[in-house]
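A quick note: this is a predicted structure, and the numbers were derived from the prediction, not measured. Atoms considered below: every heavy atom in the structure, side chains included; atoms not considered: hydrogens, waters and symmetry mates.
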Amino acid sequence: LMIPKLYDGRNKTFWFMNYERDKVNQLDFNGFTTLSPVAYRNGDFSQMLDKTWSGQSQAGSTVGTDAAGRAVVFGSIYDPKSTRVGPGGAVLRDAFPGNKIPTARFDPVAAAVLKVGLADPTYSSMIRNIAQLSSGQPYFNSTIWMFKVDQIITSKHRASFFFNHGERQRNNIGGGRYLPVPGLPTSGWQDQHTPSQMGRFNITSTVTPTLINNFTLGYNRFLNANGAPLETVNQDWANKIGIKNTAATVFPLFTFGGADYQGGTIAKIGVGWYGAGANGSKVLKDDATKIMGKHTFHFGYQYTEYFYNEQNYSDSGSYAFRNTETSLPGFSTQTGNAFASFLLGAAHNASHSIAGLSSGFRGPYHAMWFSDDIKLTPKLTLNVGLRWEVITPFFERTNRMSYIDLSQKDPTAGNRPGLLTFKNRPTSTYFGQLGPRLGVAYQVNDKMVVRMGYAMMNTPPLTNNWGYGGFTTGYNAGI
């Protein structure tokens, strides 16, 4: 590195940079998916009585009678508000005249969702009315840049610094892959953003001609943020469309289930969730190499702190709709429509997830080692060593973790073993994790070296996303 009139780093300072960018657009189609027909959004389900349009040979024909002796027509939409007990205790409901739901009967939330807007189908058919993208990841952008600097401080000391930053962004979806992407807030397309950072700092010192020391600091972090598009997060959409007492985080989720001719395959409305988690490690390491005759000794110490920081958000409610609520009991496979149930606010079931907190887990790790490479002959080298690892219990950084302690008795359960204990470190440190190392290298000829080895390894108790199902944050409840 040389900066004219400022710094002459020739034969002292060396640097390297790299930049990579990938951009993938995969917008080809493969088959079709289903959006709610435009007529449905106006409350008009009259075409469900059409055999050709619905694809059902019984559509529009009488398939039975109700308890009052009235004809039950295949494809009819029934008014759940008219539900009553008829002769003999049978349940009666009245069908909407003309199979049309008056807009005045629309649930205020459903009406507000329609006002926000839904993607329109391309074709007028009941099902498979819009082309489906072949990929659930139509847009993928990846950027990676890094730089490295090596500095000769003196003839005995050298320093090195390395940093790498990555960005990966994509849209993804589980089903209903249609354009546009990501579309309106009512779209089911998700955004995923996964930035990462990796840094290293190293100093290599030649203490004596036969003793070299390496000191290293390291940092790694990987963030995975996924769910509703960021422009829709924390916009209080639930309140805007009339849903109270949930959360302001995302657009609520509305799903449809059942047979396709009863609206069960209509693409979901909204994503319904957002969350993120960052995991990584911080590393301090010092190792030395000492050469003494036929022996090359390696010894050192490493401290690593693994971490996982959650970003949990309460959702704004999830609402599932089926044809059941707008069907006539006893004729659920011939009547009713899931989207009609949505228009009337007649949910089949609903849930709301409440995030109590965002945990921050830590997992400290210590290791010390000693090994010896012994040059037995010019062609045969033997390696023997021992690694001592001390893996301390992981913990939640603000002491908010609890678990069931089977060594404690619960007085509220007849003193049976198993007490909910608010103890941040569920286990004690075990100091007996010794890992032997044994290796042999033999040079058969100038072009072949045979190596074999044995090692006993230990790893910290880390799982994917640190998902420790056996631990809780105290008492909890669901609705």
Side-chain angles (χ1 to χ4, degrees), residues 107-119 136-137 139 167-176 180-195 221-256 266-279 308-321 342 345 347-361 396-398 400 464-467 469 472-479:
D107 180 79
V109 172
V113 170
L114 294 176
K115 188 174 181 180
V116 174
L118 301 175
Q137 179 184 283
Y139 295 118
E167 292 273 350
R168 189 183 71 179
Q169 292 180 300
R170 67 170 184 159
N171 295 104
N172 58 311
I173 195 171
V181 180
L184 296 164
T186 55
S187 168
W189 284 102
Q190 301 166 200
D191 275 353
Q192 185 178 32
H193 182 212
T194 56
R221 182 177 184 267
F222 178 84
L223 173 69
N224 184 6
N226 197 5
L230 279 176
E231 59 268 23
T232 68
V233 175
N234 292 324
Q235 299 299 310
D236 202 15
W237 273 111
N239 188 55
K240 290 178 180 178
I241 63 174
I243 296 177
K244 308 297 182 183
N245 303 318
T246 55
T249 50
V250 295
F251 197 94
L253 175 64
F254 303 92
T255 60
F256 306 93
I266 292 174
K268 66 180 181 179
I269 298 173
V271 174
W273 64 277
Y274 176 80
N279 68 83
Y308 180 70
N309 296 322
E310 296 176 332
Q311 296 179 26
N312 297 324
Y313 298 86
S314 300
D315 67 25
S316 299
S318 176
Y319 308 88
F321 296 89
F342 163 72
H348 190 74
N349 58 66
S351 64
H352 172 41
S353 176
I354 300 173
L357 55 92
S358 294
S359 298
F361 292 104
E396 204 282 323
R397 65 185 182 88
T398 54
R400 294 176 295 187
N464 185 32
N465 285 338
W466 292 53
T472 70
T473 51
Y475 300 98
N476 58 76
I479 59 172

Roughly how far, to the nearest 0.5 Å, is CD of E167 from OG1 of T194? 8.0 Å
Which atom pair, heavy atoms only, marks the closest approach of Q235 to E231? CG-O, 3.4 Å
Value for CG (N312) from CD1 (I354), rounded to nearest 0.5 Å, stands at 13.0 Å
Closest heavy-atom pair and its distance - A355, S314: N-OG, 2.8 Å
Centre-to-centre under 6.0 Å for F342 and F321, is that the case here? yes
List the steps and the verdict of side chain to side chain contact (heavy atoms under 4.5 Å, CB included) for I269 and L118. CA-CA 8 Å; I269 298 173; L118 301 175; 3.9 Å; yes
Rounded to the nearest 0.5 angstrom, the CG-OG distance for L253 and S353 is 12.0 Å
Please report the interatomic distance CG(D236) to OG1(T232), rounded to the nearest 0.5 Å. 12.5 Å
Walk me through whether V116 and W237 qualify under side chain to side chain contact (heavy atoms under 4.5 Å, CB included). CA-CA 10 Å; V116 174; W237 273 111; 3.7 Å; yes
Considering only distance and modelled atom types, tabulate donor-acceptor pairs under 3.5 Å from the side chains of residues 180-192, sequence neighbours left out.
residue, atom, partner, partner atom, Å
T186, OG1, G117, O, 2.6
S187, OG, P182, O, 2.8
S187, OG, W189, N, 3.1
W189, NE1, Y178, O, 2.8
Q190, NE2, N226, OD1, 3.4
D191, OD1, N171, ND2, 2.4
Q192, OE1, R170, NE, 2.4
Q192, OE1, R170, NH2, 2.8
Q192, NE2, N224, OD1, 3.0

Less than 4.5 Å apart, any side-chain heavy atom of N234 and any of Y274? no
Going through the distances and angles, do T246 and I243 end up as a side chain to side chain contact (heavy atoms under 4.5 Å, CB included)? CA-CA 7 Å; T246 55; I243 296 177; 3.8 Å; yes
Run the side chain to side chain contact (heavy atoms under 4.5 Å, CB included) check on I173 and Q137 step by step: do they pass? CA-CA 7 Å; I173 195 171; Q137 179 184 283; over 6 Å; no
Roughly how far apart are Y319 OH and F254 CZ, rounded to 0.5 Å? 6.5 Å
Taking all heavy atoms of A247 and all of S316, pick out the closest pair and write down the distance. O-OG, 2.8 Å
Nearest atoms (heavy-atom pairs only) where A276 meets L223: CB-CD1, 4.1 Å
Looking at CD of E310 and OG of S359, how far apart are the two atoms once the value is rounded to the nearest 0.5 Å? 4.5 Å
